Asker: 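Below are the structure tokens for one structure; questions will follow.
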Amino acid sequence: LGYLAASLGIGVLQLTSSTLRPILWVTYVHLLVIGWLTQLIFGVAFWMFPRHSRESPHGKVRLGWACYGLLNAGLLLRTLGDPARAAGWHSEPLLGAAALLQATAGWGFIILMWPRIRER
Amino acid sequence: VPRASVWCLRAALIHLGVGFSIGGVMLAAPLLHLSPGVLRLRPLHAEMLLIGWSMQLVFGTAYWILPRFRTGAHRGHQSSAMIAVLLLNAGVLVAGGGQVIDRPDMALVGRGAETLAALIFAAHLWLRVNNVTGRAELRSP
């Protein structure tokens, strides 16, 4: 919900200036689609998808927390890195780290949810 | 979880993983000294994450969780849902791939397949959300 508000705020901000628009567009889209939509899906799926087992209904909870941390760390690094790159600063290491963190979070979520999606 | 939803949800997860990985490669391209040509993958990245991941996950969950019929096949004809899943996934790959290799005709065919899949899903789920007919009832998954 925080990302939803932040992205919509940035969406308004980018419309106020033609200079800001190309700098903030990518940040706006990723905060909305990854920060809000994908993260909302992650949270609801982790909560309501069929249980992993009677003993451990949500599966590997620690992996769930790791995905949450990695996704948000990656997204925040990207939120800093994209405007910095657009401004001409050397932000490649920041963006490389963001890429690795977010991709790892995505595959971690797949490992977490795959066994819970089974035919009944 | 019904079979059509299993297909849908697992395909959505694969789109998530591949889509995130493509995005990661594009983002890290300058650091890894990759050709700027990798940025041409952006339409496939967007198609996989918006349609292949988000929309397909919604379809899979809706098919599983929406109200079911009291009699007959509880979720309607599963075969039409399966056809929609296949069309949607083919559509994502063809539409995304077509944009990457600059083939608008392919992209058009892919988008057509996605639209057809959405129409099949809509027709399939319509009666299940139309409780006024009395043919469907709310039941927990």
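All values derive from a computational prediction rather than experimental measurement. Quick note on labels: first sequence line is chain A, next is B, and so on, each numbered from 1.
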Asker: Tell me whether A/Ile111 is reachable from B/Ile14 by hopping between hydrophobic residues (I, L, V, M, F, W, Y) whose side-chain heavy atoms are closer than 4.5 Å.
Answerer: yes
Asker: Counting heavy-atom pairs under 4.5 Å with chain B, which one of A/Asp82, A/Leu100, A/Thr38, A/Leu37 comes out on top?
Answerer: A/Thr38
Asker: Could you see if A/Ile34 belongs to whatever hydrophobic cluster contains A/Tyr28? Use Ile, Leu, Val, Met, Phe, Trp, Tyr and a side-chain cutoff under 4.5 Å.
Answerer: yes
Asker: Please indicate whether A/Trp25 has more than 12 foreign heavy atoms, meaning atoms of other residues, nucleotides or ligands, lying under 6.0 Å from its CH2.
Answerer: no
Asker: When heavy-atom pairs shorter than 4.5 Å are enumerated against chain B, which of A/Arg78, A/Glu92, A/Arg85, A/Met113 gives the highest number?
Answerer: A/Glu92
Asker: Is there any residue in residues 17-31 of chain B with a non-hydrogen atom under 4.5 Å from a non-hydrogen atom of chain A, and which ones are they?
Answerer: B/Gly17, B/Val18, B/Phe20, B/Ser21, B/Gly24, B/Leu27, B/Ala28, B/Pro30, B/Leu31
Asker: Would you mind checking which part of B/Leu57 comes under 4.5 Å of any heavy atom in chain A, side chain (CB onward), backbone (N, CA, C, O), both or neither?
Answerer: side chain
Asker: Evaluate the criterion side-chain contact (heavy atoms from CB on, under 4.5 Å) for residue pair B/Leu16 and A/Ile110; output intermediate values, then yes/no.
Answerer: CA-CA 8 Å; B/Leu16 169 74; A/Ile110 294 168; 4.2 Å; yes
Asker: Tell me whether B/Met55 is reachable from B/Ile65 by hopping between hydrophobic residues (I, L, V, M, F, W, Y) whose side-chain heavy atoms are closer than 4.5 Å.
Answerer: yes
Asker: Any chance CG of A/Leu1 has more than 12 other-residue heavy atoms, nucleotides or ligands included, within less than 6.0 Å?
Answerer: no
Asker: Quick check on the hydrophobic clustering: are B/Leu50 and A/Trp36 connected, directly or via other members, by side-chain heavy-atom contacts under 4.5 Å?
Answerer: yes
Asker: For the CE atom of A/Met48 and the CH2 atom of B/Trp64, what is their distance to the nearest 0.5 Å?
Answerer: 4.0 Å
Asker: Taking a hydrophobic cluster as the set of Ile, Leu, Val, Met, Phe, Trp and Tyr residues connected by side-chain heavy atoms closer than 4.5 Å, whether directly or through intermediates, do B/Leu87 and B/Ile51 fall within one such cluster?
Answerer: no
Asker: What part of A/Ile41 lies closer than 4.5 angstrom to a heavy atom of chain B: side chain, backbone, both or neither?
Answerer: side chain
Asker: Check each atom of A/His30 against the heavy atoms of chain B and say whether the ones under 4.5 Å are side chain, backbone, both or neither.
Answerer: side chain
Asker: Can you confirm whether B/Leu9 sits close enough to A/Phe49 that some side-chain heavy atom of one is under 4.5 Å from a side-chain heavy atom of the other?
Answerer: yes
Asker: For B/Arg3, is the CZ atom crowded, meaning more than 12 foreign heavy atoms sit under 6.0 Å from it?
Answerer: no
Asker: Just by distance, do the side chain of B/Arg10 and the backbone of A/Trp114 share a donor-acceptor pair under 3.5 Å?
Answerer: yes
Asker: Using a 4.5 Å heavy-atom cutoff, which residues in residues 60-73 of chain A come close to chain B?
Answerer: A/Leu71
